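Heads up: the structure comes next, in structure tokens.
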Amino acid sequence: MSTAILTGPPVPGSSLEGDLRSLGFDVRVAPGAAESEALLAAVPAAERVAVVDARFVGHVHSLRLALTDPRFPASAVPGALTAQPEARAALAKAFAATTAPAPAAETAAGVSDLPGDADASAAAPQSAAATPDAQTTPDTEASADTEASAAGLGTALRAPDLPGLLAVTLDSAGTPVHRPELGSLVATVPADPQTRNEARQAVAAVDDEEVRLRSAVKARDGFFTTFFISPYSRYIARWCARRGLTPNQVTTASLITALIAAGAAASGTRGGYIAAGLLLLFSFVLDCTDGQLARYSLQYSTMGAWLDATFDRAKEYAYYAGLALGAARGGDDVWALALGAMVLQTCRHVVDFSFNEANHDAESNTSPTAALSDKLDSVGWTVWVRRMIVLPIGERWAMIAVLTAVTTPRIVFYALLVGCAFAACYTTAGRLLRSLTRKARRTDRAAQALADLADSGPLAEAVARAGRRFVAGLPAMAPPAIAFVGGAGLVAAAVFSDYGSLWPVVAAVTYVITSGLAVARPLKGALDWLVPPVFRAAEYGAILALAVAADVNGALPAAYGLVAAVAYHHYDTVYRIRGGTGAPPHWLVRATGGHEGRILLVVLLAALVTDTDFTIALAALAVAVALVVLVESIRFWVSSAAPAVHDEGEPA
């Protein structure tokens, strides 16, 4: 159990001790700083500890945000501070520094000069809601405070805020202290009975449960999710929290529901399609609920981050496969459309990931296009239109579900390809304009992230080492141009050659060379973020074209499995980089051959074996890649080194 140290003399009638216990803390009371330091030393080093000023006035959810969020080693709001085991040593040092005797000159100045007193004397909660209306009637406890001031309580209220002093000391000593955005919530340490009364009135004026529910919803979401899912899914999240369900359980339920939906679609019957559409929508409701439950109850975990990051893709691509199987039962082969939809959707995501990583910490990062976008954000309806144009997961799944129920799988895929292609053109064009018009210097971190996203294997690395001098003097646009030429040639050869032709082999060898040259120098150019998406489109597109050329039963489903396994590896790389842990280990990239090694192997198989054997080889390669990347991915995401990557909810 976590321990909360309540510092200072208790305030009559305060519910603070009960509030802390409701949050799972074992509460211990210390009359002063010295006793608090002794209690801190007695708490086992492996436990979370909180230091809370006994005079604290605020919402329970303010304490929850400050004291129970597992993502931050240290966190604080006015009057309350917490430290997880990794920050305990720093907190002990902060205690020693804060409680050390002050020089005589400072002592003579009085306690009002202490750093924590400035916050305490302000005594105003962190929003306009903290100022009560004149008609609010003081409560009984406030009156008791006023009467007790003559007995010395007023003097106690003016003492320094120890948690605030500790937070300042931790920050200055190099241990970052997270301070959650409270919005309309109240968290303060009153300096006198009057401000304490005002703070209590401000607490009563704001329903923290309503704030908590609102904060559980992501700040930026699509139109469909915002207006058709979140208004009720947040209440499902609260229902789950009150029954002890975890976000991981809800995420797993969402996956199972989507897989059942895929199975219903695979039946190939109209009833099955209707059931599949309804189940897919319900799966999406659960998909929204798991994140809202995590934000509502602050149940963040590394395993949850991994599940949330990967299951969305698994659900969507499994559903595509179910539609293709259902269509095949009715005599319509749409596997090429299903694979094309998966390729297009994955490449869209890689464009987003690469652009964001390239500009994550770019210096002097400005552009007229970005300024125009900011201006449009001030016009409400344009925000929703632009969010819908990019066809986010809510709009996309709603479209798929409705079309599945009322049309055929072929029409579903046609609509999906057209919608995703338009969205891809819109977002990529905007990113190109921003990149060409902004003046920014990319950092080494951004260049390394793009190199990791490129997924270059040993062949490309060897070419890069050999061609470093050659590319050094080429223009800034050379890396994406070289990558595009090699990738376009590879896909064109695969599309326009007969099965077994040697032209794709020649194109694949050329692709290996161009892939190495494209990454031979650091990817810091304005458009170098295009290199990873070009590699993805070339690899996935060539596999699709070769499977179509084989023109044998099973080739396209086998190719679908191979692209799905490789795409999982690429998504896994993205989320590791986002979490700040870097790319997967180098041995994994070498074991899977890198993008250029895999495509060279597939092209050689297409040239050397029969179409039937090619299908078997694709299936075997898909299984091998899936096993290697899944085992390593699971090992990493359940380890202590895994990051907790989560989207934030809207500030209260």
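Note that this is a predicted model, so its numbers are computed, not measured.
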Practice item. Measure from NZ or CZ of Arg387 to the centre of the six-membered ring of Phe223, then state whether that distance is under 6.0 Å and the direction lies within 45° of the axis. Key: no

Point to revise | cation_pi(Arg234, Tyr296) dist<6.0 Å, angle<=45 | key: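 The answer is no; the distance or angle limit is not met.
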
Exercise for review: Mind checking the NZ-CG spacing from Lys93 to Leu170? Nearest 0.5 Å is all I need.
Suggested key: 11.0 Å

Would you check if the side chain of [X] reaches a backbone N or O of [Y] as a donor-acceptor pair within less than 3.5 Å?
X      : Y      : value
Thr252 : Asn248 : yes
Arg88  : Glu47  : yes
His59  : Ser184 : no
Gln84  : Phe72  : yes
Thr251 : Asp308 : no
Ser36  : Gly32  : yes

Exercise for review: Indicate whether any N or O donor in one side chain lies under 3.5 Å from an N or O acceptor in the other, for Arg578 and Asn356.
Suggested key: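 Short answer, no.
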
Point to revise | Donor on one side chain, acceptor on other, Tyr568 and Ser633, under 3.5 Å | key: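 Side-chain D/A pair, Tyr568 to Ser633: present.
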
Exercise for review: State, to 0.1 Å, how close Pro585 and Arg576 come at their nearest heavy-atom pair, and which atoms those are.
Suggested key: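 Smallest interatomic distance, heavy atoms only, reads CD-NH1, 3.7 Å.
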
Exercise for review: Check Pro190 against Arg55 and note the closest heavy-atom contact, atom names and distance.
Suggested key: CD-O, 3.3 Å

Practice item. Go through the structure and list residues passing side-chain hydrogen bond (donor to acceptor under 3.5 Å, both in side chains) with Thr82, not counting sequence neighbours. Key: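 Partners of Thr82 under the side-chain hydrogen bond (donor to acceptor under 3.5 Å, both in side chains) test: Arg48.
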
